[in-house]
Protein chains: 2
Amino acid sequence: MANEALKVLPLGGLGEVGKNMMVLETEQDIVVIDAGVLFPEDDMPGIDIVIPNIDYLVENLDRVRAILVTHGHEDHIGALPHIMEALPVPIYAPGMAMALIRNKLRERRVLREADLNIVKSGEVFKFGTTFEAEWFDVCHSIPDAMGIALRTPLGTVIHTGDFRLDNDPTIGEPTDFGRMAEIAADGVFLLMADSTYAENEGYSGSDREVAQTLHDIIGNAEGRVLVASFASQIARIQMVADAAEAHGRRLAIVGRSMVNNLKISRDLGHLKIKDETLISARDALGLPDHRVIYMNTGAQGEPQSALARMATGTHNDVDIREDDTVIISATPIPGNETSVSNLINNLVEQGAHVVTHNTRNVHVHGHAAREELRVIHNLLQPRHFVPIHGEYRMLRAHVDLAIEHGVHQDDAFLLQDGDVLRLTEDTAEVVEKIPAGHVFIHGHGVWDERGNVIVERRLLARDGFVTVILGRDSNGKVVGRPKIVSSGFVHFLEADTLFKDAIDELTAVLDQESGKSLQWNEVEATVKKTVARFFSQRTRRRPTIIPVAFDV
Amino acid sequence: MANEALKVLPLGGLGEVGKNMMVLETEQDIVVIDAGVLFPEDDMPGIDIVIPNIDYLVENLDRVRAILVTHGHEDHIGALPHIMEALPVPIYAPGMAMALIRNKLRERRVLREADLNIVKSGEVFKFGTTFEAEWFDVCHSIPDAMGIALRTPLGTVIHTGDFRLDNDPTIGEPTDFGRMAEIAADGVFLLMADSTYAENEGYSGSDREVAQTLHDIIGNAEGRVLVASFASQIARIQMVADAAEAHGRRLAIVGRSMVNNLKISRDLGHLKIKDETLISARDALGLPDHRVIYMNTGAQGEPQSALARMATGTHNDVDIREDDTVIISATPIPGNETSVSNLINNLVEQGAHVVTHNTRNVHVHGHAAREELRVIHNLLQPRHFVPIHGEYRMLRAHVDLAIEHGVHQDDAFLLQDGDVLRLTEDTAEVVEKIPAGHVFIHGHGVWDERGNVIVERRLLARDGFVTVILGRDSNGKVVGRPKIVSSGFVHFLEADTLFKDAIDELTAVLDQESGKSLQWNEVEATVKKTVARFFSQRTRRRPTIIPVAFDV
């Protein structure tokens with residue numbers, strides 16, 4: 001055992017919020033914890049989703065024993081359908097997560113090949129000869145959220161998943177301090193804990209308070225009430241259903257993903273809602289305003305969501321009316337501030353009263369704030385610490401907190417995606433860096449960061465493009481008059497004159513050089529330079545310029 | 001006078017934050033208040049700035065008497081250099097604003113033609129036969145900020161400009177309640193007041209508190225201190241200079257715009273800083289860490305700013321060091337949250353301690369919150385009210401506040417850009433809508449919202465493009481093999497095979513149709529349809545497709 005080593009290789013989620021994937025490796029075995037997506041940011045135009053780079057796992061496929069899932073959020077399970085083919089290993093997940101994974105795999109038609117194993121808290125599974133895993137309950141904003149205790153040759157590793165401490169969660173179990181304490185009794189070799197709110201002092205707050213606020217607002221509303229949240233916020237659906245029943249309203253769930261999740265959660269027994277409380281969105285239109293609550297997605301202002309379409313009057317079933325109360329029961333994910341703001345403007349313009357987390361306590365986030373993190377550090381007293389799930393500054397804040405609470409500064413590691421931390425009984429060091437960048441998915445296209453597509457799109461968005469077509473004879477000489485087409489570059493009324501002048505200029509330059517015997521790549525370079533300079537002078541803009549030879 | 005009418009025509013700033021421009025019109029005269037820019041948003045790729053549409057003013061040029069400026073911020077003066085040629089009318093502005101305007105006009109080489117008039121608070125100017133204007137001091141985040149009282153045939157109109165109430169502004173005058181009360185003594189026919197923070201309860205806070213916080217942080221810092229703010233935040237420069245002098249540090253101002261504003265403000269006597277306090281950024285490198293404060297722009301995370309370059313190690317003079325304290329003395333402008341967050345991540349990664357408005361009171365914004373707005377409404381008791389400067393929801397919140405404070409609901413108008421409000425002694429109604437959309441500027445290009453360029457860029461960013469070049473003989477028939485070039489669409493390793501297959505498919509389709517005598521536009525339609533369908537099936541993406549005929 002003295003020679004054993006444990007490697008910790010984050011492939012996603014460290015240095016970013018999203019696409020979580022953590023790898024643990026011994027000489028004999030590899031296990032992967034979570035396989036999530038990142039939603040594309042402004043500088044990734046056209047991209048559907050971003051997944052982790054799994055090249056390292058594919059290269060070591062013979063040792064990869066399983067993917068262990070902590071809970072069913074997209075940033076923890078969303079990559080599974082995209083990596084299954086290259087990484088055909090068993091998946092272990094809690095019930096709610098597994099139901100969502102099944103849906104995803106079915107949609108991608110890869111369900112039949114999958115080896116799916118539902119886990120319950122307290123059960124122990126062996127992975128290869130060196131890993132043994134036990135899932136334990138944590139409280140998060142989706143039912144069946146769990147952390148994982150991994151027994152390794154070097155000692156116990158605890159991965160919290162996403163968690164917070166709430167003594168009164170509306171559904172699901174509170175974080176299981178008791179079991180964590182038992183697991184920690186023999187010492188924790190390594191703690192990996194959620195850092196998403198590690199910069200925020202205090203506590204994340206309780207579902208109980210949010211439930212009371214929703215109850216009050218719905219009780220006082222005179223017209224219809226619409227509550228927008230995330231589809232995966234199952235507890236929020238329960239709170240709204242409870243308030244509906246208390247105030248004699250019926251609840252209409254709008255939007256495919258939320259309806260799906262409602263069904264899954266009721267089937268699994270997570271949601272307790274009477275059948276007669278629920279009503280379809282269309283049937284709800286026949287009820288008096290004060291007898292209805294709509295609940296829908298779109299709390300992030302996503303332009304295609306039910307709520308955004310209601311707010312612009314383009315939803316098929318539901319409109320927004322004067323004196324509707326709209327509760328945005330969520331906070332904007334970083335990057336979505338503008339779309340949420342636009343949504344609120346549209347709702348207010350339709351005459352709705354809009355309630356947000358800025359004015360009332362209508363949302364509690366799913367991640368532990370600093371006081372909650374302190375509880376976990378004091379309880380587990382880990383020897384080594386690696387903060388997970390967060391941007392650099394969040395990880396930094398969590399490392400500082402860990403050191404304040406007893407981790408030696410040489411044993412706290414601020415890793416980023418791709419860093420390989422090697423731990424032995426006596427040593428702990430970052431030994432190498434493996435590929436762990438973004439993998440972009442758009443339609444059937446899968447590109448890593450070295451690809452040309454994203455870079456080209458950014459340039460096209462900024463200045464548009466110009467294609468310059470040149471006739472070429474069998475001697476490789478330019479013949480005829482060049483032609484220009486473009487997009488995103490110039491107003492169509494100005495294009496004819498501008499392009500005529502550009503072609504005149506280009507023709508003059510090419511005529512001057514026609515005596516020289518140029519290679520075609522030299523001709524192309526001349527065309528690019530001449531046209532770029534001409535347009536820069538005339539327009540002060542720098543379109544992408546693409547010369548093409550057309551053999552005549 | 002019974003027949004007199006006053007028209008209120010907002011051309012910018014109502015329904016948005018930025019490009020402020022308000023027009024007041026009688027039968028004889030027109031005056032314009034402010035001419036600002038809007039900084040481009042995410043859905044305006046490549047655009048330098050956005051200015052108001054001034055078509056209406058150009059059509060009525062013979063009656064436009066002047067542009068009256070309230071203060072020197074970009075969103076109030078930034079459009080002046082771009083509209084001067086089409087709208088060659090006198091400009092009236094307070095001293096600081098005029099100094100900034102002069103700089104702008106000089107840079108665009110239109111200074112010589114300009115008729116510039118500096119105004120002081122309390123002075124009265126006549127504009128045509130029906131308008132008389134008096135500027136009065138308000139407190140805002142730039143010196144020489146003023147509101148305007150306009151005497152019209154129908155009574156007094158008050159335009160607050162941007163303002164807040166602060167009894168201890170670091171520089172500049174407090175908002176002049178006394179003069180406002182005198183002006184209001186005969187009644188206020190119309191109030192137009194800043195709505196930017198009309199959703200925020202309470203007070204905006206005081207410079208005094210921010211100065212104290214900066215003093216404390218700088219006093220306790222062991223290494224260097226960097227303070228990031230806006231170039232126009234002159235008061236913040238004074239606070240930091242005061243703290244520098246108190247703690248034996250020297251102050252290095254970094255960045256062209258902040259250095260310019262420092263010079264202007266010192267020349268005008270707004271800044272009181274000893275010569276020996278100031279030092280160049282380069283010379284400051286020779287001082288011990290605890291003897292330096294850098295102050296720079298870049299508090300919005302702008303990638304080209306001094307601070308962003310320091311944070312990524314690409315600034316020529318200044319790097320970020322372990323144990324630097326960086327104070328972000330600003331809040332993110334909506335839309336900039338992500339870039340500010342990236343900036344902080346980069347700074348933390350370099351080892352800096354970052355202080356933001358989230359953790360310490362290091363910024364006070366420049367706009368009145370609701371308690372301050374109540375003071376103004378109670379003081380002025382206007383007959384009519386039009387909220388200005390804000391998105392729809394801010395204007396809505398301000399209208400509601402005005403009605404609570406005594407404006408009759410039929411006399412409070414939630415206008416948006418382009419609405420024409422006509423007021424007479426007895427009537428008040430919105431009578432028409434004039435063009436008031438965005439005018440985009442990119443390089444020498446000036447496009448309104450009906451232009452093709454922005455729309456094309458959005459499509460190019462999403463899916464890239466494909467140019468299909470077809471040989472055409474003198475009979476208008478396709479000859480030879482088509483050729484495809486593209487950008488932003490496909491990975492370069494996949495392009496050859498994909499394009500070969502597409503051309504094969506296209507050639508087969510064109511061969512089938514070669515018997516028919518098709519017009520060229522029919523050929524183009526076939527090419528577009530065939531290629532679009534092929535790529536959609538193969539890639540699940542929809543690039544912009546541009547067929548071109550090349551005559552051979």
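Just so it is clear, the structure is predicted and the values come from calculations on it, not from any experiment. When reading the values below, keep in mind they use all heavy atoms of this one structure, side chains included, and skip hydrogens, waters and symmetry mates. The sequence lines fix the lettering, A, B, ..., with proteins before strands; numbering per chain opens at 1.
- Contact count against chain A (heavy-atom pairs under 4.5 Å) is highest for B/His444 among B/His444, B/Glu456, B/Glu199, B/Arg540.
- Both the backbone and the side chain of A/Ile344 come within less than 4.5 Å of a heavy atom of chain B.
- Neither the backbone nor the side chain of A/Val455 comes within less than 4.5 Å of any heavy atom of chain B.
- Only the side chain of A/Gln416 comes within contact range of chain B, with heavy atoms under 4.5 Å apart.
- Considering only heavy-atom pairs separated by less than 4.5 Å from chain B, the leading option among A/Gly445, A/Ala397, A/Gly464 is A/Gly445.
- Only the backbone of B/Leu470 comes within contact range of chain A, with heavy atoms under 4.5 Å apart.
- For B/Val490, the part lying near chain A is the backbone, with the side chain staying farther off; criterion is any non-hydrogen pair under 4.5 Å.
- Listed here is the closest heavy atom pair of B/Leu343 and B/Ala311: CD1-CB, 3.9 Å.
- B/Asp551 and B/Arg472 are joined by a salt bridge, as a carboxylate oxygen and a charged side-chain nitrogen come within less than 4.0 angstrom of each other.
- The distance from the CD atom of B/Glu494 to the CZ atom of B/Phe489 is 9.5 Å, given to the nearest 0.5 Å.
- In the model, B/Arg457 has a side-chain atom that pairs as donor or acceptor with a side-chain atom of B/His442 under 3.5 Å.
- Contact tally against chain B (heavy-atom pairs below 4.5 Å) for A/Leu347, A/Thr544, A/Asn336, A/Asp42: the top residue is A/Asp42.
- If you measure heavy-atom distances from A/Ser486 to chain B, the contacts under 4.5 Å come from the backbone alone.
- The contact between A/Arg538 and chain B is made entirely by backbone atoms, counting heavy-atom distances below 4.5 Å.
- Residue A/Arg542: no heavy atom, backbone or side chain, is found under 4.5 Å from chain B.
- When all heavy atoms are compared, the tightest approach of B/Ser341 to A/Arg393 is OG-NH2, 3.2 Å.
- With respect to chain B, the highest number of heavy-atom pairs below 4.5 Å among A/Thr338, A/Val552, A/Ile454, A/Val453 belongs to A/Val453.
- Heavy atoms only, all atoms of each residue included: B/Gly18 and B/Leu38 are closest at CA-CD1, 3.8 Å.
- Residue contact with chain B, scored on non-hydrogen atoms closer than 4.5 Å, involves the backbone and the side chain of A/Asp463 alike.
- For A/Phe492, the parts lying under 4.5 angstrom from a heavy atom of chain B are both the backbone and the side chain.
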Do B/Ile47 and B/Trp447 pass the side chain to side chain contact (heavy atoms under 4.5 Å, CB included) test, and can you show the C-alpha distance, the side-chain angles, and the key distance before you say yes or no? CA-CA 10 Å; B/Ile47 297 304; B/Trp447 308 302; 3.8 Å; yes
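- Of the two parts of A/Thr467, only the side chain, counted from C-beta on, holds a non-hydrogen atom closer than 4.5 Å to a non-hydrogen atom of chain B.
- Chain A forms the most heavy-atom pairs under 4.5 Å with one residue out of B/Met394, B/Arg462, B/Lys483, and that residue is B/Arg462.
- There is no contact between A/Leu498 and chain B, counting heavy-atom distances below 4.5 Å.
- There is no contact between A/Glu41 and chain B, counting heavy-atom distances below 4.5 Å.
- Here the closest heavy-atom approach between residue A/Leu395 and residue A/Leu415 is recorded as CD1-O, 3.7 Å.
- Checking A/Arg396, A/Glu391, A/His398, A/His389 one by one against A/Ser195, the side chain to side chain donor-acceptor pair (under 3.5 Å) holds for a single residue, A/His398.
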* Would you please test B/Ile546 and B/Val466 for side chain to side chain contact (heavy atoms under 4.5 Å, CB included) and show each step? => CA-CA 6 Å; B/Ile546 304 173; B/Val466 165; over 6 Å; no
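- Contacts with chain A were tallied for B/Ala549, B/Gly15, B/Gly451, B/Gly480; B/Ala549 has the most, counting heavy-atom pairs under 4.5 Å.
- Scanning all heavy atoms of the two residues, the minimum distance from B/His357 to B/Pro332 falls at NE2-CD, 3.8 Å.
- With chain B as partner, the option from A/Ala461, A/Ser536, A/Gly443 having the largest number of non-hydrogen pairs under 4.5 angstrom is A/Ala461.
- Side-chain N/O atoms of A/His353 and A/Asp324 include no donor and acceptor closer than 3.5 Å.
- In this structure, A/Lys477 places its NZ atom where more than 12 heavy-atom neighbours from other residues, nucleotides or ligands lie under 6.0 Å away.
- Using a 4.5 Å cut-off between heavy atoms, A/Glu16 makes no contact with chain B at all.
- Chosen from B/Asn345, B/Val348, B/Leu460, the residue pairing most often with chain A at heavy-atom distances under 4.5 Å is B/Asn345.
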